[in-house]
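Okay, structure first, notes after.
Bear in mind the structure is a predicted one, so any value in this text is a computation, not a measurement.
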Amino acid sequence: TPMKKNNKKPKPIKEVTQEWWSDLPMSDRYKFAHEKVWQETADWKKEFITGSGNDERHEKEFLKEVILFAESDQIKWN
């Protein structure tokens, strides 16, 4: 099936609705999910993710959270 063209302007995270989320192309969902999960990540964990730490576990956990959020049919707010 062809990808939907997204003509919608980005919304601040707090203004996202279920209808808007359902219509987003996956690429935009991933961008949005990355931003949301990053904002909610503790500063100490961000240091590991950006490379100043030497433990891949935190990066993998972060990526897993992004994927789960982006692939979800329902918006899941913490």
Side-chain angles (χ1 to χ4, degrees):
T1 61
M3 298 282 293
K4 292 181 185 178
K5 178 143 178 135
N6 181 19
N7 293 326
K8 296 183 178 189
K9 296 191 186 252
K11 291 187 175 193
I13 289 174
K14 64 183 179 181
E15 294 181 18
V16 170
T17 63
Q18 184 62 49
E19 179 183 357
W20 188 81
W21 180 255
S22 299
D23 290 340
L24 280 179
M26 288 308 290
S27 61
D28 289 340
R29 281 189 182 197
Y30 270 91
K31 290 176 191 174
F32 182 90
H34 183 278
E35 181 63 27
K36 180 191 179 303
V37 174
W38 186 254
Q39 287 178 6
E40 294 176 352
T41 300
D43 289 340
W44 66 268
K45 196 179 272 190
K46 288 179 182 178
E47 290 182 28
F48 281 98
I49 295 168
T50 57
S52 59
N54 59 1
D55 183 358
E56 287 183 5
R57 182 176 60 96
H58 298 294
E59 183 178 357
K60 288 178 182 180
E61 288 173 1
F62 172 77
L63 294 174
K64 182 178 177 180
E65 288 181 47
V66 170
I67 291 167
L68 289 173
F69 191 95
E71 297 283 338
S72 176
D73 290 333
Q74 299 290 321
I75 299 174
K76 295 179 182 171
W77 303 109
N78 294 345

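- Shortest non-hydrogen contact noted between T41 and V37 is OG1-O, 2.7 Å.
- With sequence neighbours excluded, no residue forms a side-chain hydrogen bond (donor to acceptor under 3.5 Å, both in side chains) with E59.
- Within a 6.0 Å radius of NZ in K45, more than 12 heavy atoms belonging to other residues, nucleotides or ligands are found.
- Taking CZ from F32 and CH2 from W21, the interatomic distance works out to 6.0 Å, rounded to the nearest 0.5 Å.
- The distance between the ring centers of F69 and H34 does not fall below 6.0 angstrom.
- Rounding to the nearest 0.5 Å places CG of D23 at 9.0 Å from CZ of R29.
- Closest non-hydrogen pair, K46 versus W38, comes out as CE-O, 3.0 Å.
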**Item:** Derivation and outcome, salt bridge (Lys or Arg N to Asp or Glu O under 4.0 Å), residues E35 and K31
**Value:** CA-CA 6 Å; E35 181 63 27; K31 290 176 191 174; over 6 Å; no
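- Interatomic distance, CD of E56 versus CZ of F62, reported as 15.0 Å (0.5 Å rounding).
- Checked by atom type and distance alone, the side chain of S72 never pairs as donor or acceptor with a backbone atom of L68 at under 3.5 Å.
- Note on ring orientation: taking the six-membered ring where Trp is involved, the planes of H58 and F48 are tilted (angle from 30° to 60°).
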